[in-house]
Amino acid sequence: MKDNQNGGRVPVLSILGKLLQQNLSEEIDGSILDGLKILLVDDVPENLTALEALLRSPELQIFSVLRPTDGLELVLQHEFALAIINVQMP
């Protein structure tokens with residue numbers, strides 16, 4: 001969480017989503033993103049769904065897994081540009 005100007009708290013994912021939406025649609029040539037792979041690892045399905053919605057872009061390939069071991073298998077098979085991993089998983 002991060003403090004906003006009004007003294008309230010703003011979820012970091014909300015900030016990340018806004019930045020990504022701005023950058024993907026306005027500032028980055030879509031061809032730069034073609035085929036980029038993003039790995040999402042979280043044991044909470046709702047978190048994966050939210051991240052997928054924030055990152056959704058036709059140029060990106062998004063891989064989502066619920067278990068860290070599945071994420072490790074994917075890392076060994078693919079080259080990811082970005083990995084977003086919940087570090088507090090069991």
With sequence neighbours left out, what residues match Gln61 under side chain to side chain donor-acceptor pair (under 3.5 Å)?
none
Just verifying a value: how many Å separate Leu74 CG and Thr69 OG1, rounded to the nearest 0.5 Å?
10.0 Å
CG of Asn47 to CD1 of Ile84: how many Å apart, nearest 0.5 Å?
11.0 Å
CG (Leu36) and CG (Leu82) are apart, to the nearest 0.5 Å, by 9.5 Å
Please report the closest heavy-atom contact between Ile62 and Arg56, naming both atoms and the distance.
CD1-N, 4.2 Å
Return yes when atom CD of Gln77 has more than 12 non-hydrogen atoms of other residues, nucleotides or ligands closer than 6.0 Å, and no otherwise.
yes
With a 4.5 Å cut-off on side-chain heavy atoms, are Asp70 and Pro68 touching?
no
Do Val75 and Phe80 touch side chain to side chain, with heavy atoms closer than 4.5 Å?
yes
Flag the pair Val41 / Val65 as yes when at least one side-chain heavy-atom distance between them is below 4.5 Å, and no otherwise.
yes
As an exercise, state the distance from CG of Asp42 to CD1 of Ile85, rounded to the nearest 0.5 Å.
10.5 Å
If I take atom CD from residue Glu73 and atom CZ from residue Arg67, how far apart are they, to the nearest 0.5 angstrom?
7.5 Å
d(His78 NE2, Ile38 CD1) to nearest 0.5 Å is 14.0 Å
